[in-house]
Amino acid sequence: LYHLHGRNLDERIWNDDTYLTAMVQAEWQHSTALPPTVVELSYGPTWLLTPKGEKADSGLLDDMMRRLPAIEVKAGRPRRRLLMGESMGGLNVLIVGLSHPSRFAKVAALCPGIYMVSPFTSFAEIRAAAKRTGADPKTIFGVWLLARKYAANNAEWQHISPLALIERAESNYPALYLSNGLYDAYGNFEGSRRLVDMARARGMKTEWHPLYGGHCVTDVKSLSAFLLS
């Protein structure tokens, strides 16, 4: 299981007893199934997995895929690869899982940063989207800045947008698990629900867990079961 953390966290978060990952591990302890080996990946507090483009910070997607063989020499050859991430990490696991579908069996994306509008659209459209989804304007501005640090234009953004990637998905793509809080201050509920609808329309095995709550509220039982099954 490759875990990609959320914004402003780091590679130690999986073993933090105060974080949701501790609840996942507790669920696994009550199961007779063997839990996956967990590998935590991090490129710092904030990052996006993008192919190499015009931006100096782009290319982390290529770097991650290059590093997998060396990582798995140390961790052991996997029977299958799983992905899990929340918030920024949720977006990142969708990017890598949908960009390299033959390499991963399952993708669990919690409160992923998915939007119906591009960060390269007009400010008027972005403001309208924030109002429609109930997103906090300051939060949306931070997301806008992050996206533009790793993508130079809309064409580059469409190479990593989960809504664009899912359009070419086939039924043999990784199984998906998505969850989102109805009152997510990042405004991710709308985009996540749209991704689920598109994935199901393409025959992808997809679990959708809309939850009553805010950003990254999580149904730990269903998430833990998805990763074990």
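Note that the numbering runs from 1 along the sequence shown for the chain. All figures in this text were calculated on a predicted structure; none of them were measured in a lab.
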Participant: Okay, side chain of T121, backbone of S118: is any donor-acceptor separation there less than 3.5 Å?
Facilitator: no
Participant: May I ask you to establish whether K106 and F226 are in a cation-pi arrangement, using a distance under 6.0 Å from NZ or CZ to the six-membered ring centre and at most 45° from the ring axis?
Facilitator: yes
Participant: Of all the heavy-atom pairs spanning P162 and L195, show the shortest one and how long it is.
Facilitator: O-CD1, 3.5 Å
Participant: For W14, run the side chain to side chain contact (heavy atoms under 4.5 Å, CB included) check against L9, V39, T21 and tell me which one passes.
Facilitator: T21
Participant: Closer than 3.5 angstrom, by distance alone: can the side chain of W28 be matched with the main-chain N or O of S224 as a donor-acceptor pair?
Facilitator: yes
Participant: When rounded to the nearest 0.5 angstrom, what distance separates CG in L178 from NE2 in H209?
Facilitator: 9.5 Å
Participant: Give the C-alpha distance, both sets of side-chain angles, the deciding distance and a yes or no for side chain to side chain contact (heavy atoms under 4.5 Å, CB included) between S99 and L165.
Facilitator: CA-CA 7 Å; S99 297; L165 289 170; 3.8 Å; yes
Participant: Please report the interatomic distance CE(M64) to CD1(I95), rounded to the nearest 0.5 Å.
Facilitator: 11.0 Å
Participant: Find the distance between CZ (R194) and CD1 (I166) and round it off to the nearest 0.5 Å.
Facilitator: 10.5 Å
Participant: Checking side chain to side chain contact (heavy atoms under 4.5 Å, CB included) against F104, which of L82, L98, V96, V93 comes through?
Facilitator: V96
Participant: Given side chain to side chain contact (heavy atoms under 4.5 Å, CB included), test R148 with F120 step by step and report yes or no.
Facilitator: CA-CA 8 Å; R148 285 177 167 247; F120 295 92; 3.5 Å; yes
Participant: Would you say E54's side chain and N153's backbone share a donor-acceptor pair under 3.5 angstrom?
Facilitator: no
Participant: Output yes when a side-chain donor or acceptor of W144 lies under 3.5 Å from a complementary backbone atom of P119, and no otherwise.
Facilitator: yes
Participant: So how far is it from L83 CG to L227 CG, rounded to the nearest 0.5 Å?
Facilitator: 10.0 Å
Participant: Looking only at heavy atoms, which two atoms of P112 and L91 are closest? And how far apart?
Facilitator: CB-N, 3.7 Å
Participant: Taking G53's backbone N and O only, do any of them form a donor-acceptor pair with S58's side chain (distance below 3.5 Å, no angle check)?
Facilitator: yes
Participant: Can you tell me how far the CD atom of E40 sits from the CE atom of M84, to the nearest 0.5 Å?
Facilitator: 9.0 Å
Participant: For L110 and Y177, what are the C-alpha separation, side-chain angles and deciding distance, and is it a side chain to side chain contact (heavy atoms under 4.5 Å, CB included)?
Facilitator: CA-CA 8 Å; L110 317 178; Y177 176 106; 3.7 Å; yes
Participant: How close do I140 and A130 get, heavy atom to heavy atom, and via which atoms?
Facilitator: CG1-CB, 4.2 Å
Participant: Give the minimum heavy-atom separation between V107 and P174, together with the two atoms involved.
Facilitator: CG2-CB, 3.9 Å
Participant: Parallel under 30°, tilted from 30 to 60°, perpendicular over 60°: which one fits the rings of Y183 and Y212?
Facilitator: perpendicular
Participant: Does some side-chain heavy atom of E167 sit less than 4.5 Å from a side-chain heavy atom of R202?
Facilitator: yes
Participant: Can you name the nearest heavy-atom pair linking Y19 to I13, along with the distance?
Facilitator: CD2-CG1, 3.3 Å
Participant: Quick one: do L163 and V117 end up in the same hydrophobic cluster if we chain Ile, Leu, Val, Met, Phe, Trp and Tyr together by side-chain heavy atoms under 4.5 Å apart?
Facilitator: no
Participant: Please tell me if the side chains of R200 and W208 come closer than 4.5 Å, counting only heavy atoms from C-beta onward.
Facilitator: yes
Participant: Please check if the number of heavy atoms outside R193 that lie under 6.0 Å from its CZ is greater than 12.
Facilitator: no
Participant: Are I126 and L145 linked, directly or through intermediate hydrophobic residues, by side-chain heavy-atom contacts shorter than 4.5 Å (ILVMFWY only)?
Facilitator: yes
Participant: Answer yes when R81 and E72 have at least one side-chain N-carboxylate O distance shorter than 4.0 Å, and no when they do not.
Facilitator: yes
Participant: Take R66 and D63 through the test salt bridge (charged side-chain N to carboxylate O under 4.0 Å, His left out) and record every step on the way to the result.
Facilitator: CA-CA 5 Å; R66 280 196 301 266; D63 184 76; 3.7 Å; yes
Participant: L211, L176: one ILVMFWY side-chain cluster at the under-4.5 Å cut-off?
Facilitator: no
Participant: Report, as yes or no, whether the 6.0 Å neighbourhood of atom CE on M23 holds more than 12 heavy atoms from other residues, nucleotides or ligands.
Facilitator: no
Participant: Is any side-chain heavy atom of N172 closer than 4.5 Å to a side-chain heavy atom of P101?
Facilitator: no
Participant: When you check the gap from the basic side-chain N to the acidic O, do K55 and D57 get nearer than 4.0 Å?
Facilitator: no
Participant: Take atom CZ in R12; do more than 12 heavy atoms of anything else shown fall under 6.0 Å from it?
Facilitator: no
Participant: Hey, could you give me the NZ/CG distance between K52 and L60, rounded to the nearest 0.5 Å?
Facilitator: 8.5 Å
Participant: Taking C-beta and beyond as the side chain, do L223 and V24 meet within less than 4.5 Å on heavy atoms?
Facilitator: yes
Participant: Measure up the H5 and W47 rings against each other and bin them: parallel (under 30°), tilted (30 to 60°), perpendicular (over 60°).
Facilitator: perpendicular
Participant: Are C216 and Y186 packed together at the side-chain level, in the sense that at least one heavy-atom pair is separated by less than 4.5 angstrom?
Facilitator: no
Participant: Considering all heavy atoms of both residues, which atom of G113 and which atom of N188 are nearest to each other, and what is their separation?
Facilitator: CA-ND2, 3.6 Å
Participant: Look at the side-chain heavy atoms of Ile, Leu, Val, Met, Phe, Trp and Tyr, link any pair under 4.5 Å apart, and say whether L1 and I71 land in one connected group.
Facilitator: no
Participant: Any link between F123 and V143 through a network of hydrophobic side chains (Ile, Leu, Val, Met, Phe, Trp, Tyr) touching at under 4.5 Å?
Facilitator: yes
Participant: Got H215 and T139 here, is their nearest side-chain heavy-atom distance under 4.5 Å?
Facilitator: no
Participant: Are the side chains of L41 and N92 in contact, using a 4.5 Å heavy-atom criterion?
Facilitator: no
Participant: Check whether any side-chain heavy atom of L228 sits under 4.5 Å from a side-chain heavy atom of P36, and report yes or no.
Facilitator: yes
Participant: Between S42 (side chain) and G44 (backbone), is there a donor-acceptor pair under 3.5 Å?
Facilitator: yes
Participant: Start with the C-alpha gap between N180 and I114, add the side-chain angles, then the distance that decides, and say whether side chain to side chain contact (heavy atoms under 4.5 Å, CB included) holds.
Facilitator: CA-CA 11 Å; N180 217 300; I114 307 172; over 6 Å; no
Participant: Is it true that Y115 and T133 share a donor-acceptor pair across their side chains at a distance under 3.5 Å?
Facilitator: no
